2 protein chains.
Amino acid sequence: MATIKDVARLAGVGLGTASRVVTGKGSVSPATAERVRKAIKQLGFRPSHAARSLLSGSSQTIGVYIPVLKGTFYTPILQTIDMELRSSGRHMVVAFGCGLGDERRQAVEGVEFLIDRGCDGLIVMSNQLNDGDIVSLSRKQPNLVVLNRSFESIRDHCFSADHTLGGTLAAQALLKFGHCEFAIISGPATSPDNVARINGFLAELAKRGINPNKVLILQSDFSPEGGWASAEALLASKHKFTALFCANDEMAVGVLSHFQQAGISVPEQVSVLGYDDTQSAEYSAPRLTSVHIPLREVTLNGLYWLLNQCYNSSLKVEREFPISITWRATVAKAPMAKAKRSGK
Amino acid sequence: MATIKDVARLAGVGLGTASRVVTGKGSVSPATAERVRKAIKQLGFRPSHAARSLLSGSSQTIGVYIPVLKGTFYTPILQTIDMELRSSGRHMVVAFGCGLGDERRQAVEGVEFLIDRGCDGLIVMSNQLNDGDIVSLSRKQPNLVVLNRSFESIRDHCFSADHTLGGTLAAQALLKFGHCEFAIISGPATSPDNVARINGFLAELAKRGINPNKVLILQSDFSPEGGWASAEALLASKHKFTALFCANDEMAVGVLSHFQQAGISVPEQVSVLGYDDTQSAEYSAPRLTSVHIPLREVTLNGLYWLLNQCYNSSLKVEREFPISITWRATVAKAPMAKAKRSGK
DNA sequence: CCCGCGAATGGAAACGTTACCAGATTTCCA
DNA sequence: TGGAAATCTGGTAACGTTTCCATTCGCGGG
């Protein structure tokens, strides 16, 4: 690989001059600059990223930790971050958890790995990390953003939609269609944003005079497999319900798949509402109505804040994110009381 | 950030000694080593990745180019690569195309971006790159692997399943159930692996005495939207078919969604076969039967080959990948001739 | 007792770049 | 035309590491 020394030699100029042409800083006579540019082209010179990093103390790199790249929830986040970063010549390095075993330890290790790699900033998504972890991590690298979750201790580092509100909206969407018998398939109890949306949902129900204790809540794991299994358990339970709220789309998709097989027709017999409005919701059968979380905006604003911290940019940062319902085909009017669901 | 100089000073030893402790190479007396380790801990010293890269000429980084992170096709690839790399202390940097506009130029730019970043090796997936592009790219960085596609000119850099065989198996799977009227939803004609599977499919049909010209082929774009639209077009065309082969799962999912809405029941009225056997296939409604491509193995072996090139490892590398059918619920016996599909 | 060998150690050099300083040349105005 | 200012240029230092070489020390064998 050609170095800037080679360039300087070939162009017959000093190191400084060659460097000035490369960086575009400082003044160089047009003729000389042209000669240098020619040499660069001829030698196929590319500045060494390592040398620049070493000298400047900045790697122009943002690290992203994601628990597990499964399903369609995280992918738009990565895509968004990469696009934004590349447009300013920076890049992204990713670390995943493996999805098995102790996710909390994996998260800590993953983030530390990224720190060691000299990332200028970090974007972290994790349900399992606790307050202590995140504080200790953010001491090692203060340029840290947490997405889709809020830690009290470092609140301004956190960007998230209001999932309690999300749950509220979900309840309203279902109540509007006259439903009054509910079931919920919840995500893991260890996931704070999951419990927020469940609580929001239940609270709204209570406010409308529906006893939360009459709502059957099945705990699952955010996966389609989990959704499928919960759907099965739900039907077996003989619990009466006309509306089912799933804490994410992946589980809802599993539910839809199982209902189809079990001969339960959606939304005629039961309405199903998803959450997140991911790609999986768009073309399920039937297409899934879902609570839309503006994840792109959340990600982007978190990233902006981070860029401001790392590189003294002055991007405008929002902290409020509107939640809405994306209406598709799985929520409809509650069936008449007489048309009882014939639980399999 | 503490440097190794600080460590040496605090431990009261020379630079060389400190370095020997850090790297574990060379001999250091136990007592001294202990003192150094203490200093490292006390200062929270972490070796600078940039300095190491500069000196060694290796960044311990593999670059991955992916056209667009949508759907569930690419995600397991990223996950696989990252897991494998992290286990040996290396890491992955990713570049995406944006999915819009001139994908070929994006691919070239993306890969060059990765080269500039000093990646030791590159993993590239792209349908749009042509032979000339890849040759010129691989001159800049010979440690380059192409996944899921084969270029004649650099055949040993390419790792892919045999998609012609995939197409053949797909045809056999459908023929076995007595189908004789077919339709195909194809991916883009510019995608070589797509045309391979279509050709394999058609060839097998021909061999079994079915005239390929009687097969309706709709061209689409590998997306669920595209699948949905094609399904619509297919029904409108009044073409008679009992089996539909989709060139990937994403499109098949779109088809399933549209069929559900249109009241076409799968597999009773028509059988649907997907391709790739991605996550999307697992919990569609009904669950999608699909041609299983061992993408994890393809990826892993490509990566092994790359690691051998980059780091003189000697991992064992396979180049043959078995294709099979994952049977789920969308393929069944062809309906009796009398039970005509009532095209909407 | 001395020579030689191995272990332990410190320090200089190098990796490729940019920032800075100092010197040289040109430009411009009084 | 003289001098100050602006422009242009080359070389050195520095970023944090590891590798290599030279030096010292202790020890065992001849």
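Quick caveat, the model's predicted, so the values are computed rather than measured. The chains referred to below are lettered A, B, ... by the order of the sequence lines, with proteins before strands, and numbering in each begins at 1.
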- Please determine, by modelled atom types, if B/Thr32 and B/Ser29 share a side-chain donor-acceptor pair under 3.5 angstrom. yes
- Heavy atoms from other residues, nucleotides or ligands near CZ of B/Arg319 exceed 12 (cutoff 6.0 Å): yes
- Query: Just checking B/Thr32: base, sugar-phosphate only, or nothing, at a heavy-atom cut-off of under 4.0 Å?
  - Reply: sugar-phosphate
- Task: Quick one: label A/Thr23 by what it contacts on the DNA or RNA (base, sugar-phosphate, nothing), any heavy atom closer than 4.0 Å.
- Result: sugar-phosphate
- Note on the structure: Shortest non-hydrogen pair, A/Ala18 vs A/Val13, comes out as N-CG2, 4.2 Å
- Supply the atom-to-atom distance A/Arg104 CZ to A/Ser126 OG, rounded to the nearest 0.5 angstrom. 10.0 Å
- To the nearest 0.5 angstrom, please state how far the CG atom of B/Asn143 sits from the CG atom of B/Leu122. 8.5 Å
- Query: Can you check whether B/Ser59's main-chain N or O pairs, donor with acceptor, with B/Thr61's side chain at less than 3.5 Å?
  - Reply: yes
- Please find the earliest and latest nucleotides of DNA chain C, in the 5' to 3' direction, that have an atom within less than 4.0 Å of any heavy atom of chain B. C/dA7 to C/dG16
- Task: Strictly below 4.0 Å, heavy-atom distances to any atom of DNA chain D: list the hits from residues 2-21 of chain A, or just say none.
- Result: A/Gly12, A/Val13, A/Gly14, A/Gly16, A/Thr17, A/Arg20
- Are any non-hydrogen side-chain atoms of A/Leu78 and B/Val94 less than 4.5 angstrom apart? no
- Donor-acceptor side-chain pairing of A/Ser53 and A/Gln60 below 3.5 angstrom: no
- Across the strands shown, which category fits B/Ser29 at heavy-atom distances under 4.0 angstrom: base, sugar-phosphate, nothing? sugar-phosphate
- Query: Is A/Glu112 close to B/Arg46 at the side-chain level, that is, under 4.5 Å between some pair of heavy atoms?
  - Reply: yes
- In the 5' to 3' direction, the nucleotides of DNA chain D bounding the stretch that comes under 4.0 Å of a heavy atom in chain A are D/dT7 to D/dG16
- Message: Applying a 4.0 Å non-hydrogen cut-off, can you work out what A/Ser53 is touching in the nucleic acid: base, sugar-phosphate, or nothing?
- Response: nothing
- Below 4.5 Å, heavy atoms only, C-beta onward: do A/Val64 and A/Ile81 meet side chain to side chain? yes
